[in-house]
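Remarks on the structure that follows.
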Protein chains: 2
Amino acid sequence: MVQIPNTPPSASPAPRSVPTSADVARLAGVSRATVSYVLNNTSAVRISEPTRRRVHEAARELGYVPHAAARSLRAGHSRMVLMPAPAIPIGPLYGRFINELQWALGRLDYTVVQYGTVAVQGDEAARAWAELRPVAVIVPGAGLGPQGVTVLKRSGARAVVTLGPASVEGAHTLLMDQAAVGHAAAAHLHSRGRRRIGVVVPEEAGLETFSRPRLDGARDALRGTGAAITELPLAYTEEAAARLAARWGDLGLDAVFTYNDEYAMLLMSALQDTGVRIPEDTAVIGADDLMLGRLLRPRLSTVHIELPSGRDLAALVDRAVRNPGAAPETHRVLGASVVPREST
Amino acid sequence: MVQIPNTPPSASPAPRSVPTSADVARLAGVSRATVSYVLNNTSAVRISEPTRRRVHEAARELGYVPHAAARSLRAGHSRMVLMPAPAIPIGPLYGRFINELQWALGRLDYTVVQYGTVAVQGDEAARAWAELRPVAVIVPGAGLGPQGVTVLKRSGARAVVTLGPASVEGAHTLLMDQAAVGHAAAAHLHSRGRRRIGVVVPEEAGLETFSRPRLDGARDALRGTGAAITELPLAYTEEAAARLAARWGDLGLDAVFTYNDEYAMLLMSALQDTGVRIPEDTAVIGADDLMLGRLLRPRLSTVHIELPSGRDLAALVDRAVRNPGAAPETHRVLGASVVPREST
DNA sequence: TTGAAAGCGGTACCAT
DNA sequence: ATGGTACCGCTTTCAA
């Protein structure tokens with residue numbers, strides 16, 4: 001029986017295997033060493049112009065692209081800066097920060113790679129990152145312990161920087177104290193004469209890292225003042241907000257800190273629908289100072305958050321890479337200042 | 001003159017170099033081959049239990065972590081799926097999509113890596129990606145040409161998928177036709193009896209890829225109907241919105257499509273401040289169907305956008321990787337449907 | 001059951 | 001001005 005090939009030779013030209021520098025050398029009629037010299041413009045070695053041309057020509061013809069893994073294997077190091085990709089879509093604030101950071105590190109000739117952390121936990125994740133032998137690792141949030149730092153350093157990471165609520169043994173830390181946000185918000189409400197203060201706590205998973213400290217900060221600000229805090233769990237849906245608004249009278253609150261501006265908008269909308277006057281009946285303050293707060297009516301008071309510039313963090317990383325022996329720095333980098341507008 | 005070393009030996013213990021499988025072998029008193037067998041649980045080979053224990057013990061003691069680059073160099077392939085990181089912070093819609101995709105690819109045992117494309121252009125970028133020898137590349141937006149696809153495939157990428165406005169020769173394409181969004185919006189306004197329609201075009205750099213097709217789609221929907229379109233350049237600031245609102249009467253528009261919900265909120269707020277009644281004087285429709293549209297008063301009509309599920313794209317990638325010979329598929333994946341609410 | 005050795009794709013030293 | 005070659009860390013035949 002005659003077999004008819006299902007892919008005729010003409011249709012799928014036998015997939016030439018990926019060209020290597022040896023292929024380039026062969027085609028140009030030189031050695032692999034010469035190819036390497038030419039393509040890397042090695043200054044310690046002089047190659048004649050005709051040879052250079054032949055090598056470039058051959059590389060172009062074959063579509064040669066060097067193999068990064070082979071190169072860094074040989075070199076013994078890379079300039080890869082690894083960041084775990086955030087597990088949950090984080091706000092525009094953080095997005096901008098990341099972008100600026102990427103740009104700044106790029107300027108310093110590092111390659112930034114965001115690694116898809118697929119639900120791997122702390123020290124488990126650290127191992128996975130270590131396999132890539134990054135020169136530096138930047139870890140947002142909690143979740144990396146001293147163990148993880150050790151693993152990373154042991155496998156050659158010259159800098160480990162965490163961005164989070166607490167400093168980690170052995171790592172540089174950009175201390176982002178979310179409690180300061182809650183503190184500022186609560187203090188502001190108190191200064192406005194409010195005494196029965198609600199604090200919205202999002203029910204969405206993954207937000208506890210932010211919401212818990214913000215709540216604690218608010219508690220802290222009011223300690224000993226006689227003002228009382230009521231925790232208000234709230235899912236990010238209209239229905240949940242309406243339900244909360246429906247029992248607003250029973251709660252007897254004269255102010256609410258809504259975790260952030262988006263929850264503020266959600267709750268304000270529901271409160272206004274049920275006739276609660278803002279700020280007369282209830283003052284509302286959000287956080288993050290997003291554009292939407294300026295667009296709400298009444299205009300939303302909020303806590304403006306000052307993140308470090310991406311350039312600064314890039315500089316810290318670069319310093320740490322150049323001098324891995326230096327003692328870990330801890331910088332308190334989260335500035336929280338109230339922007340009073342019409343809603344309080 | 002006596003030099004005092006600035007770092008005394010005791011302070012920075014000579015940084016032991018990174019342990020390799022050879023170190024593990026030495027410590028365990030076995031060969032590197034055995035180490036590899038044990039740590040990879042190679043089923044084709046049986047290693048005695050005492051030996052296994054000794055190897056694991058040694059690996060643990062040294063903090064051994066395998067070198068991914070060396071491994072994939074030897075193996076001749078990796079399971080890395082590369083995506084360029086978006087240059088500008090893109091909305092929550094897209095963020096969720098990416099996250100779902102990462103998760104789904106993770107389930108299929110791929111490692112997703114977002115590569116920080118630092119202002120490198122199309123085919124230049126393709127070369128940089130090719131150096132990493134990813135098994136698949138997913139490229140959102142335009143910017144990758146047929147040239148780039150060739151480079152990637154030549155260097156071993158078994159699947160190249162683009163997510164964008166047009167299909168690219170040689171690559172699988174998820175066709176996201178933004179024009180459909182504008183088309184739906186304009187058609188809706190027309191059906192509501194509006195004839196003098198403004199279309200907001202954001203001035204922010206990097207948004208043209210979306211805004212241009214949305215505008216064109218709106219134009220297309222009204223072609224031959226006698227309705228007229230006015231292009232409205234608008235920066236995302238309160239001042240710009242106020243300026244636009246101030247000359248609203250002169251423009252004589254009875255409706256406006258605002259590019260997306262966020263610009264809708266910006267413009268609605270400015271219009272309401274100047275006494276324009278929505279929808280009586282001017283109908284407003286946004287796009288993206290964000291939560292904020294539901295919270296605005298009047299509630300914002302919008303164009304709901306249906307993206308493909310991350311799982312679907314992951315499945316496409318996996319299929320393409322398993323069968324690189326197959327003809328590139330092009331799927332039209334962007335569903336646009338109007339959600340009429342109170343603002344139109 | 002274990003070990004010796006080849007080789008993946010580059011780079012850089014040492015000769016010629 | 002070039003070429004030969006060892007080596008980076010790991011996997012995987014092939015032998016013993």
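Every heavy atom of this structure was used, including side-chain atoms; hydrogens, water molecules and symmetry mates were not. Computed from a prediction, not measured in an experiment: that's the story for all the values here. The sequence lines fix the lettering, A, B, ..., with proteins before strands; numbering per chain opens at 1.
- A salt bridge links B:D318 to B:R322: at least one charged side-chain nitrogen sits closer than 4.0 Å to a carboxylate oxygen.
- In this structure, CZ of A:R26 is placed 13 Å from P of D:dG4, rounded to the nearest angstrom.
- By the 4.0 Å N-to-carboxylate-O rule, B:R54 lies too far from B:E57 to be salt-bridged with it.
- As a whole-Å value, the separation of A:R54 CZ from D:dA1 P is 15 Å.
- Between B:T173 and B:V168, the closest heavy-atom pair is OG1-N, 3.4 Å.
- One interatomic measurement links the two molecules: CZ of A:R46 to P of D:dG3, which rounds to 16 Å at whole-angstrom precision.
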Would you tabulate the side-chain donor-acceptor contacts of residues 39-46 of chain B under 3.5 Å, counting partners in other chains and residues two or more places apart, or write 'none'?
{"residue": "B:N40", "atom": "ND2", "partner": "B:S36", "partner atom": "O", "Å": "3.0"}
{"residue": "B:N40", "atom": "ND2", "partner": "B:S36", "partner atom": "OG", "Å": "3.3"}
{"residue": "B:N41", "atom": "OD1", "partner": "B:R52", "partner atom": "NH2", "Å": "2.9"}

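- Distance A:L62 CG to C:dG10 P: 12 Å, rounded to the nearest Å.
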- line: The contact string for nucleotides 8-16 of chain D, one letter per nucleotide 5' to 3', using protein heavy atoms under 4.0 Å with B, S and - for base, sugar-phosphate only and none, comes out as BBBBBB---
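- Nearest heavy-atom pair, B:M176 versus B:V333, reported as atom, atom and distance to 0.1 Å: CG-CG2, 3.9 Å.
- Of the side-chain N and O atoms in A:S72, none sit less than 4.0 angstrom from OP1 or OP2 of C:dG10.
- Between A:Y64 and B:R127 the shortest heavy-atom distance is O-NH1, 3.4 Å.
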